[in-house]
Amino acid sequence: MQPNNIILIGFMGTGKSTVGEQLAQQLQYERCDLDEEIVKATGKTISQIFAEDGEEMFRQLESDVLRRLVDGNRRVIITGGGAVLRSENVQVMLQYGIVVALTAEEQEIIRRVEQDQNRPLLQGNVKVKVRELLQARAGAYDFAPIQVDTTGKTIEEIVDEITNA
């Protein structure tokens, strides 16, 4: 029996969006991106929500949308890096899907996110911000039963590792 949903978690820049797209295609699952759904629901970009409403409001929207998405089935749900910060989200993820944590080495994450201006938590010195956030979130993704390091791997290798697990 295939799992109802596969939920991808991990720090920003670990490959959740890219891997999620490919995984959904391969399994013929619906692809659902939490951030995209929040943008659709609010009519605001993630950066706008952070700037106008604050991180706490964003986290509440994230929890609400996650609960709605896990209610479907045969979905690959791509979460934002901070979705695991609320214990209620962790419980929902574990209850309604197989949770896969994508990881990457710090230097690889920095390389991947350096050019992205759409990450509200990385304003300023990207290297310092990534290091601080990685330290603050140390252990936050450890609850996932499947852990995949994406450093130096192709999308195909990562998707194979997930489907084999």
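Note that the numbering runs from 1 along the sequence shown for the chain.
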Quick one about Arg112 and Thr150 (side-chain donor to acceptor, distance below 3.5 Å, no hydrogens or angles considered), yes or no? yes
May I have the step-by-step check of side-chain contact (heavy atoms from CB on, under 4.5 Å) for Tyr141 and Thr14, ending in yes or no? CA-CA 12 Å; Tyr141 308 103; Thr14 55; over 6 Å; no
Side-chain (Asn5) to main-chain (Ile7) donor-acceptor, under 3.5 angstrom: no
Check Lys16 against Leu8 and note the closest heavy-atom contact, atom names and distance. O-CD1, 3.5 Å
What's the verdict on side-chain contact (heavy atoms from CB on, under 4.5 Å) for Thr163 and Leu27, showing C-alpha distance, side-chain angles and the deciding distance? CA-CA 9 Å; Thr163 55; Leu27 295 175; 4.0 Å; yes
Salt-bridged, Asp53 to Lys44, with N to O below 4.0 Å? yes
Using residues 66-73 as the side-chain source, report each donor-acceptor pair under 3.5 Å to any protein atom, sequence neighbours left out, with the distance given to one decimal.
from: Arg67; atom 1: NH1; to: Glu88; atom 2: OE2; distance (Å): 3.2
from: Arg67; atom 1: NH2; to: Asp64; atom 2: OD1; distance (Å): 2.8

Is the shortest side-chain heavy-atom distance between Val84 and Met93 below 4.5 Å? yes
Please name all residues satisfying side-chain contact (heavy atoms from CB on, under 4.5 Å) with Ser87, sequence neighbours left out, ordered by chain then number. none
Verdict with supporting geometry, Glu56 and Arg59, salt bridge (Lys or Arg N to Asp or Glu O under 4.0 Å): CA-CA 5 Å; Glu56 186 54 38; Arg59 296 295 172 208; over 6 Å; no
Does a side-chain N-to-carboxylate-O contact under 4.0 Å join Glu106 and Arg111? no
Pairwise side-chain contact, Gln147 with Thr103, heavy-atom cut-off 4.5 Å (strictly under): yes
Of all heavy-atom pairs linking Glu21 and Ile78, the shortest is N-CD1, 4.4 Å
Exercise: do Arg86 and Gln60 side chains pair donor with acceptor under 3.5 Å: yes
